Structures are given as structure tokens and as C-alpha cells.
Amino acid sequence: MIDTEFNIGALQLAALDNQGGGKVVIGLHGYLDNAESLRLLAPYLQSYRFVAIDLAGHGRSSHRAQGAHYNQADYLQDLYALIESQGWDDVILLGHSLGGILASLFAALFPEKVSAVISIDACGPLTESEETTATQLRESIVSRYAKSRNKLRLVELEDAVRARCKISDIPEEHARSILSRNLTQDAGGHCFWSSDPKLRTKSSLRLTEKQAESLMRAIVCPVLFIGASNSFKKLASVFPKREAWFLNAQYEQLVGGHHIHMENTDDVGVLIRHFVEQL
């Protein structure tokens with residue numbers, strides 16, 4: 001895959017592109033990850049145009065403007081702008097974690113533009129009860145006030161890798177490849193974060209369970225959910241509760257942690273390839 005970027009108006013979205021000639025598959029990574037986390041799936045999509053993007057504020061993509069933040073609706077706006085600007089039709093959306101949530105939401109809002117969704121270790125939006133509304137908004141406002149634009153702070157890659165592995169089940173080699181794309185270097189070889197610190201703030205307001213159900217029922221394309229046996233997401237217990245929301249969905253569970261597509265790439269890749277070949 002080669003590095004490229006797309007101009008979608010106020011933002012430049014960086015991406016990895018296999019430059020294939022088939023139907024377009026858009027890769028959407030997880031929270032605080034970047035397109036590098038999806039690179040390993042490229043060999044299984046050689047018959048397709050596979051474009052894995054860095055979401056705004058992540059990896060090598062632009063940050064949002066001063067005073068702007070990172071809401072799911074804004075990521076969906078970016079995805080719409082990307083698809084429209086490129087003239088793509090009938091795209092396949094392949095997302096991991098946050099990316100899987102975004103893929104399902106976009107398919108609900110724009111069913112005419114999406115031919116299939118593959119959601120890795122995510123099964124629709126995260127939700128909160130309406131009773132938590134005031135608390136959610138308060139905590140979001142406080143967390144956003146405390147964050148500012150990136151300040152140049154030296155980062156040691158291996159220290160960052162160890163810190164990431166302490167709070168996640170991700171293996172070191174995979175954390176290293178993802179974090180390397182979230183760093184930038186100066187002329188002296190010193191590393192700094194390129195990702196926006198405002199990503200580490202709390203969501204303003206999550207959907208309620210009824211709102212999530214209403215959206216997921218609007219999806220008309222086939223959906224493949226891939227769960228990970230050792231993940232904190234526990235999709236094996238989530239999917240049965242939400243299965244009735246989807247018109248055409250299947251669930252497959254494989255052995256691995258939250259980044260199962262990096263740990264157990266062949267099983268995940270073969271499953272994805274078989275799914276898209278049946279469309």
C-alpha cells in the first residue's frame with residue numbers, strides 16, 4: 001500500500017491505498033489508532049480498491065480547527081465528503097472498533113452509498129441511558145476545557161509502546177507499528193505526537209439504546225460482525241441482544257484480543273474475503 005491523501009475541503013485525510021481497480025473498500029480504524037492498523041488486511045483485498053484512511057486528528061491527517069472537537073457526526077461528515085469528492089458508489093465499509101461503529105452509522109444514514117459493512121469487534125453504537133445526560137455533558141465540557149493544541153513534547157517510541165500495552169491487550173509489535181504513524185520527526189530525529197490531544201476528551205452525548213436501535217434498523221446492506229474471544233468488547237453477548245435490529249447480519253467469532261485483525265490476520269482476512277466475494 002502507498003501513502004496518499006485526500007483533500008475534503010478544510011481537511012486533508014491521509015490514507016494507505018492499494019491502488020486496486022475493483023470495488024472500493026474504505027478502511028476505518030479504531031480510536032487512537034490509524035490506517036496502519038488495517039494494512040495487514042490488504043493482501044486479502046487485492047481484487048478491490050482498498051483505501052484505509054487516518055481519521056481526522058489521527059495519524060497523518062489534519063487536525064480539526066482550534067475550538068473544534070471530535071464528534072462521531074463529524075467523522076461521518078468527513079466520510080461523506082470523501083465519498084462524494086471521489087465519486088465513489090456502492091462502497092464497502094470495513095471498520096475496527098470506533099471504525100466499525102462509524103461504518104454501521106454511515107450505512108444507516110446513506111444506504112444508497114454502501115453495499116456492505118464489515119465491523120471488527122464492534123456491534124453498533126455505544127449507548128448510555130437518558131438519565132446520564134447531564135453527567136455526560138458536564139464531564140465532556142470539563143474534559144475539553146482541559147485540552148489544547150499539541151505542545152511539542154519529546155516522545156520515545158518504546159516508552160509509548162510500553163504505555164499502550166499496559167492499558168490494552170495489543171502485542172508490542174502491533175502497538176509499535178500503529179504508534180509509529182502517530183508520531184512525527186524533526187530534522188534532528190526527535191519524535192513528537194502528530195495526533196491531536198483533543199482526541200482524548202469525553203464524548204458530548206452518547207445515543208440512547210432506542211436511538212441506536214432506530215439507526216441500525218435503517219441499514220439495508222449485508223453486515224458481517226467479527227468478534228474476538230478475548231476482547232473486553234464481549235461481542236458474543238452483545239450481538240444476540242441486537243441481532244434483531246439488523247435486516248441481514250451475521251456474526252463470526254475468532255480467537256484473539258481487541259486487535260484481532262492484527263493478531264489473527266489470516267483467519268480474519270479469509271473471512272472478509274469470502275464475505276465480499278459473495279456480495
Side-chain angles (χ1 to χ4, degrees), residues 1-19 24-42 45 49-65 68-72 74-79 81-83 85-86 93-103 106 120-122 147 149-161 163-165 167-168 170-186 189-201 258-259 261-262:
M1 297 183 84
I2 65 161
D3 276 291
T4 189
E5 60 181 28
F6 299 93
N7 185 330
I8 59 166
L11 293 173
Q12 293 281 342
L13 291 183
L16 295 173
D17 186 350
N18 76 344
Q19 299 186 298
V24 175
V25 179
I26 302 176
L28 304 168
H29 61 78
Y31 174 61
L32 297 181
D33 287 351
N34 52 58
E36 187 64 34
S37 68
L38 298 170
R39 182 194 290 271
L40 292 174
L41 295 176
L45 294 167
R49 171 83 183 278
F50 180 40
V51 179
I53 66 170
D54 290 339
L55 296 172
H58 295 75
R60 297 172 184 170
S61 285
S62 302
H63 295 185
R64 299 212 186 280
H69 292 277
Y70 293 88
N71 302 298
Q72 286 188 3
D74 296 315
Y75 290 129
L76 296 174
Q77 186 77 54
D78 297 340
L79 183 55
L82 173 65
I83 291 171
S85 69
Q86 298 303 306
L93 298 179
L94 190 171
H96 167 242
S97 197
L98 168 62
I101 294 171
L102 295 175
F106 193 87
I120 301 171
D121 216 28
K147 290 291 182 181
R149 301 289 290 181
N150 259 354
K151 296 176 181 177
L152 288 182
R153 181 172 61 86
L154 283 173
V155 178
E156 292 292 339
L157 176 59
E158 293 309 311
D159 290 343
V161 169
R164 178 71 180 266
C165 291
I167 61 170
S168 173
I170 189 170
E172 281 192 9
E173 63 180 304
H174 298 144
R176 186 175 295 107
S177 66
I178 293 171
L179 290 170
S180 294
R181 193 175 173 88
N182 278 342
L183 295 173
T184 187
Q185 282 189 341
D186 64 12
H190 303 106
C191 291
F192 306 89
W193 289 119
S194 60
S195 51
D196 195 332
K198 290 187 297 182
L199 293 170
R200 295 178 177 272
T201 58
H258 181 53
H259 287 77
H261 57 300
M262 300 184 80

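This one's a predicted model, so the numbers in the text were calculated from it and none came from an experiment.
By the neighbour-count criterion of 12 heavy atoms within 6.0 Å, atom CD of Q77 is sparsely surrounded, having that number or fewer from other residues, nucleotides or ligands.
Between E172 and R164 no salt bridge is recorded (no basic side-chain N to carboxylate O distance below 4.0 Å). Salt bridge status for E36 with R39: present, with a side-chain N to carboxylate O gap under 4.0 Å.
Looking at heavy atoms from C-beta onward, Y70 lies out of side-chain contact with R200 at the 4.5 angstrom threshold. Side-chain contact between L32 and L199: present, with at least one pair of heavy atoms (C-beta onward) separated by less than 4.5 Å. Counting heavy atoms from C-beta on, the side chains of L102 and D78 never come closer than 4.5 Å. Side-chain contact between R181 and S194 is absent, with no heavy-atom pair separated by less than 4.5 Å. The closest side-chain heavy-atom distance from L79 to L55 is not below 4.5 Å. In this structure, the side chains of F192 and L183 stay at 4.5 Å or more apart for every pair of heavy atoms.
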Residue pair L38, L16: steps toward the side chain to side chain contact (heavy atoms under 4.5 Å, CB included) verdict: CA-CA 9 Å; L38 298 170; L16 295 173; over 6 Å; no
L98 vs L28, side chain to side chain contact (heavy atoms under 4.5 Å, CB included): CA-CA, chis, key distance, verdict: CA-CA 8 Å; L98 168 62; L28 304 168; over 6 Å; no
CA sep, side-chain torsions, deciding dist, call: I178, H259, side chain to side chain contact (heavy atoms under 4.5 Å, CB included): CA-CA 11 Å; I178 293 171; H259 287 77; 4.1 Å; yes
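Side chains of H258 and S97: a donor on one and an acceptor on the other come within 3.5 Å.
We find the CG-CZ distance between D74 and R64 to be 4.5 Å, quoted to the nearest 0.5 Å. Here M262 contributes atom CE and E173 contributes atom CD; the two are 8.0 Å apart, rounded to the nearest 0.5 Å. Distance check, rounded to the nearest 0.5 Å: OG1 of T4 to CD1 of I53 gives 12.0 Å.
The stretch residues 4-15 participates, sequence neighbours left out, in no salt bridge (Lys or Arg N to Asp or Glu O under 4.0 Å) pair at all.
In this structure a side-chain-to-backbone donor-acceptor pair under 3.5 Å is missing from H29 to S37. A donor-acceptor contact shorter than 3.5 Å links the side chain of S180 to the backbone of R176. A donor-acceptor pair under 3.5 Å is absent between the side-chain atoms of S168 and the main chain of C165, judged by distance alone.
Take D17 and apply the side chain to side chain donor-acceptor pair (under 3.5 Å) test, not counting sequence neighbours, and it matches R49.
Between F50 and N18, the shortest heavy-atom contact is N-OD1, 2.8 Å. Considering every non-hydrogen atom in both L11 and S62, the closest pair reads CD2-CB, 3.6 Å. In plain terms, the two heavy atoms of M1 and A42 that are nearest each other are SD-CB, 3.5 Å. The two residues H58 and Y75 make their nearest non-hydrogen contact at CE1-OH, 3.3 Å.
Checked options N182, D54, D3, T184; the residue passing with R60 is D3 (criterion: side-chain hydrogen bond (donor to acceptor under 3.5 Å, both in side chains)).
Below 30°, between 30° and 60°, or above 60°: for H96 and H261 the angle between ring planes is between 30° and 60°, a tilted geometry.
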